[in-house]
Amino acid sequence: MGGPSLDGGTRLETFKDLLTARANAIAEDLDRARRQEKLATEEKRILDEYVHRSKLARQSFSRAGGSASVSLTLGSFHLPGVPLVQPLATEVAALLAAYVEANGRQWLGDDDAQAVGESLEKVGAAFLAAGMPLFAEHAFHQAATLYRRFDDAPAEDRCKYRRAAAHRVSLPPRTFQRVLADLQAVLFGYGYRPLRLLVWILVLVAGFTGVLLLLPRTGGATASEAFYVALQNFLNPMGLGDVRYLSGSWKPVLEIESYTGDVFRNLFFVLLIRRLFRL
């Protein structure tokens, strides 16, 4: 025999209890892996399990009638919220609540989307601080996706930057992929901080100028002329005719600078155009 039918409010409360239980279960798996020092190998498996449970939770949320609500039905799960039993369970619950409500039949309003996005950013930061970069990367990805829906370009880029940073932390140290990610972070912020590359260009020009000043200078070249040659060569590489009357010791330095300038200039303009036009 079937049980008594539940009204909409009761179904939603039952769903919230279910979401809390799933969040505690996932957080318990993460805490157990951390205590057993197996987090590095177990986090990916637990994240895959979380993704599967989040899809089931989305279906349950729809059946509970939450998708028809215009207001933020699961707002109580977003940070700051009431701490749950397991460590990081509050963050897992906020992550689940954000996914199911942001992907329901009813789109969130601007204010609610902003609140959920900020909650996801806090969740990502908490996971990253706890040494769980894969969960942090997932949270920042969810936030960036939500911001893109509402045309909040600065917030979207901020979350994509933080997602890339979390991904870098998840890579094994002393590997080619990690070294490449480290270079991207330092030089141009994974493509989301192109002006950082401009600072490095200024550093390179100053460095090449210093080298030219230390090398022997024929013809009585002054310090200002050395700076001019270094700057001009970086921006517009000199040809053979231009360097014919320069000091012989300068030529290999200027050759290295010209190739370096080509790479850094082109990379800077590509990243700047991509950022400005959001390609």
Side-chain angles (χ1 to χ4, degrees), residues 12 14-34 36 38-64 66-67 72-79 81 84-108 112-113 115-149 156 159-172 177 181:
L12 282 176
T14 301
F15 172 78
K16 290 179 181 180
D17 292 339
L18 175 64
L19 189 148
T20 300
R22 288 179 174 175
N24 277 320
I26 295 169
E28 183 179 3
D29 289 343
L30 288 171
D31 187 56
R32 183 186 304 111
R34 180 167 53 183
Q36 297 175 351
K38 296 181 179 179
L39 191 58
T41 57
E42 288 291 299
E43 187 184 4
K44 178 64 168 63
R45 179 191 63 80
I46 299 173
L47 179 60
D48 291 339
E49 182 180 352
Y50 159 80
V51 171
H52 174 69
R53 293 192 180 190
S54 66
K55 293 177 180 178
L56 296 178
R58 178 186 175 186
Q59 296 173 1
S60 300
F61 183 65
S62 179
R63 289 195 297 268
S67 296
L72 196 59
T73 307
L74 304 178
S76 59
F77 286 99
H78 297 295
L79 301 182
L84 301 183
V85 176
Q86 294 294 332
L88 292 177
T90 302
E91 286 76 10
V92 176
L95 197 59
L96 279 168
Y99 174 77
V100 299
E101 195 150 38
N103 293 280
R105 296 171 185 167
Q106 179 69 44
W107 273 30
L108 299 174
D112 290 340
V116 173
E118 292 175 355
S119 173
L120 286 170
E121 290 190 68
K122 293 177 182 177
V123 166
F127 278 124
L128 196 57
M132 302 175 186
L134 295 180
F135 269 84
E137 183 180 355
H138 186 78
F140 291 133
H141 172 68
Q142 293 269 3
T145 301
L146 184 61
Y147 285 133
R148 183 172 64 250
R149 291 182 185 178
E156 179 188 351
C159 290
K160 286 183 176 180
Y161 173 84
R162 301 181 74 179
R163 177 194 178 190
H167 178 71
R168 180 183 66 84
V169 175
S170 71
L171 297 173
Q177 291 84 355

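From a predicted model like this one, the values you see are computed outputs, not experimental measurements. Below, all heavy atoms of this structure are taken into account, side chains as well, without hydrogens, waters or symmetry copies.
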> In Å and rounded to the nearest 0.5 Å, what is the CG to CG distance from Leu88 to Leu95?
11.0 Å

> Please collect all salt bridge (Lys or Arg N to Asp or Glu O under 4.0 Å) contacts where either partner lies in residues 46-55, sequence neighbours excluded, each pair once.
Lys44-Asp48, Arg45-Glu49, Glu49-Arg53

> Under the 3.5 angstrom rule, does the side chain of Ser119 hit a backbone N or O of Ala115 as a donor-acceptor pair?
no

> Could you pull out all residues at least two apart from Glu43 that satisfy salt bridge (charged side-chain N to carboxylate O under 4.0 Å, His left out)?
none

> Write down the atom of Ala33, the atom of Ile46, and the distance for their closest heavy-atom approach.
CB-CD1, 4.3 Å

> Under 3.5 Å, is there a donor-acceptor pair between the side chain of Arg149 and the main chain of Ala113?
no

> Do the non-hydrogen side-chain atoms of Tyr99 and Leu120 ever get within less than 4.5 Å of each other?
no

> Out of curiosity, Thr145 OG1 to Glu156 CD, how far, rounded to the nearest 0.5 Å?
8.0 Å

> Who pairs with Thr20 by side-chain contact (heavy atoms from CB on, under 4.5 Å), at least two apart in sequence or on another chain?
Asn24, Phe77, Leu84

> Which pair of non-hydrogen atoms, one from Ser60 and one from Leu18, has the smallest distance, and what is that distance?
OG-CD2, 4.1 Å

> Any chance you could lay out the side-chain contact (heavy atoms from CB on, under 4.5 Å) test for Leu19 and Phe61, step after step, and finish with the verdict?
CA-CA 9 Å; Leu19 189 148; Phe61 183 65; over 6 Å; no

> Are any of the side-chain heavy atoms of Met132 and Arg34 separated by less than 4.5 Å?
yes

> Rounded to the nearest 0.5 Å, what's the gap from CZ on Arg168 to CD on Gln177? Could you check?
14.0 Å

> In plain terms, say whether Glu118 and Lys122 are close enough for a salt bridge, that is, a side-chain N and a carboxylate O under 4.0 Å apart.
no

> Starting at CD of Glu28, measure out to CD of Gln86 and round the result to the nearest 0.5 Å.
4.5 Å

> Tell me whether Asp31 contacts the main-chain N or O of Ala27 through its side chain, where contact means a donor paired with an acceptor under 3.5 Å.
no

> Are His138 and Tyr50 close enough that some pair of their side-chain heavy atoms sits under 4.5 Å apart?
yes

> Tell me the closest heavy-atom pair linking Glu91 and Ala126, and the distance in Å.
CG-CB, 3.8 Å

> Which atom names give the shortest non-hydrogen contact between Cys159 and Tyr147, and what distance separates them?
SG-CE1, 3.5 Å

> Could you walk me through whether Glu101 and Asp112 pass the side-chain contact (heavy atoms from CB on, under 4.5 Å) test, one step at a time?
CA-CA 10 Å; Glu101 195 150 38; Asp112 290 340; over 6 Å; no

> What closest approach, in Å, do Ser170 and Leu134 show between heavy atoms, and which atom pair accounts for it?
CB-CD2, 3.8 Å

> For the residue pair Val123 and Ala139, what are the closest heavy atoms and their distance?
CG1-CB, 4.1 Å

